[in-house]
S.K.: 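Would you mind keeping the following structure in view while I ask a few things?
Naming convention: chains lettered A, B, ... in sequence-line order (proteins, then strands); numbering from 1 in each chain.
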There are 2 protein chains.
Amino acid sequence: MTNIPDGKMPETPTMSDVARRAGVSAMTVSRALKEGSHVSKETRERIMQAVNELGYVLDQSAGSLSSRRTGFIAAIIPSINNSNFSDTARGITDALEETGLQLLLGYTNYSVEREEELIEAMLRRRPEGIILTGGSHTPKGRRMLEQAGIPVIETWDRPSQPIDKVVGFSNGEAMELLVETLAAKGYRRFGYIGGTTARDTRGSQRRAGFVCALERLNLPADRLISFGVPPISMEQGAQAVVNMLERWPDTQVVLCVSDLSAFGALMECQRRGMKVPEDIAIAGFGDYEIAACCHPRMTTINVDCYGIGRQAALKLTQAIQGVGKPEALTVTDFRVIEREST
Amino acid sequence: MTNIPDGKMPETPTMSDVARRAGVSAMTVSRALKEGSHVSKETRERIMQAVNELGYVLDQSAGSLSSRRTGFIAAIIPSINNSNFSDTARGITDALEETGLQLLLGYTNYSVEREEELIEAMLRRRPEGIILTGGSHTPKGRRMLEQAGIPVIETWDRPSQPIDKVVGFSNGEAMELLVETLAAKGYRRFGYIGGTTARDTRGSQRRAGFVCALERLNLPADRLISFGVPPISMEQGAQAVVNMLERWPDTQVVLCVSDLSAFGALMECQRRGMKVPEDIAIAGFGDYEIAACCHPRMTTINVDCYGIGRQAALKLTQAIQGVGKPEALTVTDFRVIEREST
DNA sequence: CCTATTTATGTTATCGCTATCATCGAAAGG
DNA sequence: CCTTTCGATGATAGCGATAACATAAATAGG
């Protein structure tokens with residue numbers, strides 16, 4: 001907190017204070033603090049000195065009211081605790097770094113209602129663009145986004161009716177690819193661990209992809225264990241694999257909605273003295289750090305979380321600055337990473 | 001983006017537009033949109049209808065300029081990808097939820113220079129309070145914080161010269177406690193894995209605590225393996241333990257600066273056919289989800305990351321609202337969680 | 001040397017909202 | 001029934017910056 005030496009004003013100084021001290025107009029101060037505007041060297045130095053002496057910090061709220069540019073980008077992710085999504089957030093921030101745009105980050109805890117609230121809270125700050133996770137929103141949320149008059153990017157998915165622009169991939173296809181890859185290795189009795197709730201859209205799509213791929217291969221697709229609502233934990237994976245083994249002890253390979261549950265399953269199997277992949281194979285989704293490091297190392301799908309964020313932010317800044325015409329759809333890569341667990 | 005049905009104005013509506021439509025003054029609209037102000041029921045309904053019809057969303061930048069309250073809280077953490085810190089961020093957001101304050105989150109990548117930039121970027125937004133991680137800042141950063149005239153909370157540490165208020169614990173003491181606990185179990189030949197760089201202050205403090213505790217116990221404290229700059233990865237832990245075993249093959253127990261490196265070490269040991277804890281014991285720091293779930297489950301120190309965030313945010317809102325006089329120092333709990341890895 | 005252009009600075013008018021004070025009618029109190 | 005209080009609303013004036021236009025001085029061009 002400020003310490004106020006008696007008579008002095010405790011108020012944070014304004015641009016006029018700086019201007020007065022430097023003997024110029026406020027406008028000149030404004031220019032001096034902005035890159036690439038014409039201010040003579042001496043004036044600029046005098047102003048900078050005044051700025052330092054007063055400890056002046058530009059008030060961007062005021063600035064953005066007048067310039068009609070807030071310098072904010074909003075991003076809404078399901079969870080900051082999930083490293084897949086925080087990687088995306090990191091990709092966004094990194095891409096934004098040079099543009100001077102600042103990230104307003106919110107997380108929904110996988111709830112569309114919460115997302116709706118967040119959308120409104122964010123729009124109140126008049127972001128210049130907004131990045132969402134997934135393509136499911138409440139009708140009101142959707143309407144607000146459409147009316148906001150700013151570019152919107154949906155990520156981590158390929159919505160059938162995008163609001164505006166998309167940077168994502170098909171979670172279903174990715175899972176299908178994984179099934180096919182494993183089937184090609186000779187596995188036949190597949191199990192799946194992952195939620196079914198409408199809440200986790202990407203989870204449901206992965207599961208649908210699992211079923212779809214097996215049906216196409218004429219293999220049974222009924223070994224499905226679901227657990228509660230997201231966020232999915234490692235521990236849930238451990239419980240689920242127990243469940244799976246009780247119901248279908250001869251399961252050869254278990255695919256999980258995420259590396260986190262896959263890891264929980266893997267550890268639980270080891271705890272029970274089962275060998276992975278000899279007794280049972282396990283694969284995850286997301287290529288989290290843990291998948292590359294655990295023992296045995298985990299087969300999974302890499303989905304370029306960081307790149308999703310980065311590309312979304314780039315597309316957004318393109319749209320904002322009106323530089324070129326950004327593609328409406330960017331499909332991001334995913335690829336199977338075969339490791340020791342299968 | 002907005003679709004503009006020819007003649008219509010594409011501009012986002014303002015409060016005056018709503019006022020005109022509802023047949024009241026802008027001030028009344030402002031009141032109607034704010035909780036606990038006197039507006040008659042009929043008027044409020046009329047206004048809300050106008051709000052919905054126009055799709056009006058309050059402009060908080062303009063509002064905060066006038067009310068001199070931005071509704072922002074800034075928080076700066078080293079990394080969003082580290083679940084310890086993202087837990088803290090979650091604690092902050094959750095505690096803020098009811099207050100209507102919004103979080104401006106930034107991450108430093110463990111760089112104080114970056115922290116300084118972030119502090120300035122944040123202060124430009126005129127947050128009503130700011131939460132920092134750790135007690136090391138650049139002189140300029142420190143000065144800016146002192147002059148900002150807002151409550152400042154340093155967390156995750158116990159700085160010797162706090163700027164304002166503190167919510168944290170001594171990383172050194174926590175590590176000492178872990179050493180003592182394990183020494184009491186009979187371990188004698190301790191090794192430590194973790195960085196030394198000034199960059200990771202908390203890491204250095206933990207290491208100092210390790211050395212300090214061993215010296216007090218008259219045990220050798222020279223088995224130290226350091227690795228590069230943070231963020232610390234699992235893989236680094238794996239490499240470090242190899243290094244440790246080469247130099248001091250008879251090490252009984254390895255303490256790591258974080259559960260993540262501890263996990264990497266644990267997996268690497270298993271990969272090499274060593275049994276944990278029989279051949280070598282391993283302990284981490286932070287009580288990440290992985291520590292409770294891996295096999296064998298990992299001994300570690302729980303440090304209530306979420307609680308740090310929560311308490312910091314509570315203290316901050318107290319200071320902002322001037323309700324009571326918040327304590328300058330809150331020492332948060334830490335405790336050893338003994339599990340199977342030691 | 002004079003006009004055309006550029007550079008450096010100032011003036012003014014908002015940006016969209018809310019604090020503050022003012023107003024007016026209705027309910028409450030004696 | 002008259003004063004007092006309160007509740008509902010409006011009018012006005014900024015908040016602290018910047019856009020836009022204006023002006024004066026400096027430089028360039030012929």
S.K.: If only side-chain N and O atoms of A/S40 are considered, is one of them under 4.0 Å from the OP1 or OP2 phosphate oxygen of C/dT9?
M.R.: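 Yes, such a contact exists.
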
S.K.: Think B/T28 has a side-chain N or O under 4.0 angstrom from the OP1 or OP2 of D/dG10?
M.R.: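 Affirmative; the distance criterion is met.
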
S.K.: I need the CD-P distance between B/E42 and D/dA8, as an integer number of Å.
M.R.: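 Going from CD in B/E42 over to P in D/dA8 covers 10 Å.
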
S.K.: Where is the tightest heavy-atom contact between A/A89 and A/L103, given as atom of each residue plus distance?
M.R.: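 Nearest heavy atoms, A/A89 then A/L103: O-CD2, 4.2 Å.
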
S.K.: Less than 3.5 Å apart, any donor N or O on the side chain of B/T138 or B/E116 sitting next to an acceptor on the other?
M.R.: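 B/E116 and B/T138 do have a side-chain donor-acceptor pair below 3.5 Å.
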
S.K.: When the distance from CG of A/L54 to P of D/dG16 is rounded to whole Å, what number comes out?
M.R.: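 That distance rounds to 14 Å.
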
S.K.: Could A/E146 and A/R142 be called an ion pair, given the rule that one side-chain N must be under 4.0 Å from one carboxylate O?
M.R.: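 Between A/R142 and A/E146 there is a salt bridge, with a charged N closer than 4.0 Å to a carboxylate O.
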
S.K.: What is the distance, to the nearest angstrom, from the CZ atom on A/R125 to the P atom on C/dG16?
M.R.: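 Checked: the CZ to P distance equals 17 Å.
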
S.K.: Does A/R68 put a side-chain nitrogen or oxygen below 4.0 Å from OP1 or OP2 of D/dA17?
M.R.: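 It does not, given that no N or O in the side chain of A/R68 lies less than 4.0 Å from OP1 or OP2 of D/dA17.
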
S.K.: What nucleic acid atoms does B/S61 come within less than 4.0 Å of, heavy atoms only: base, sugar-phosphate, or nothing?
M.R.: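 Nothing, no heavy atom under 4.0 Å.
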
S.K.: Examine distances only and state if a side-chain atom of B/S64 and a backbone atom of B/Q60 form a donor-acceptor pair shorter than 3.5 Å.
M.R.: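 Side chain of B/S64 to backbone of B/Q60: a pair is present.
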
S.K.: For B/T133 and B/F85, which heavy atoms make the closest approach, and how far apart are they?
M.R.: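 What the structure gives for the nearest pair is CG2-CE2, 3.8 Å.
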
S.K.: Got more than 12 heavy atoms from elsewhere within 6.0 Å of CD, B/E327?
M.R.: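 No, not enclosed.
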
S.K.: Rounded to the nearest angstrom, tell me the gap between atom CZ in A/R69 and atom P in D/dT18.
M.R.: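 Value for this atom pair: 13 Å.
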
S.K.: Where do N or O atoms of nucleotides 17-22 of chain C meet protein N or O atoms at under 3.5 Å, pair by pair?
M.R.:
from   : atom 1 : to    : atom 2 : distance (Å)
C/dC17 : OP1    : B/Y56 : OH     : 2.1
C/dC17 : OP1    : B/D59 : N      : 3.4
C/dC17 : OP2    : B/M15 : N      : 2.4
C/dC17 : O2     : B/S66 : OG     : 3.4
C/dT18 : OP2    : B/S30 : OG     : 2.4
C/dT18 : O5'    : B/S30 : OG     : 3.4
C/dT18 : O4'    : B/S66 : OG     : 2.5
C/dT18 : O2     : B/S66 : OG     : 3.2

S.K.: Nearest whole Å is fine: how far is C/dT7 P from A/H38 NE2?
M.R.: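 Taking NE2 of A/H38 and P of C/dT7, I get 5 Å after rounding.
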
S.K.: What's the CZ-C1' distance between B/R124 and D/dG16, to the nearest Å?
M.R.: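 After rounding, the reported distance stands at 15 Å.
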
S.K.: Mind calculating the distance between CG (A/L123) and P (C/dG16) to the nearest angstrom?
M.R.: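 Whole-Å distance recorded here is 16 Å.
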
S.K.: In chain order, what residues pass the ring pair (Phe, Tyr, Trp, His ring centres under 6.0 Å) check against A/F72, with sequence neighbours excluded?
M.R.: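 Here the qualifying residues are B/F72.
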
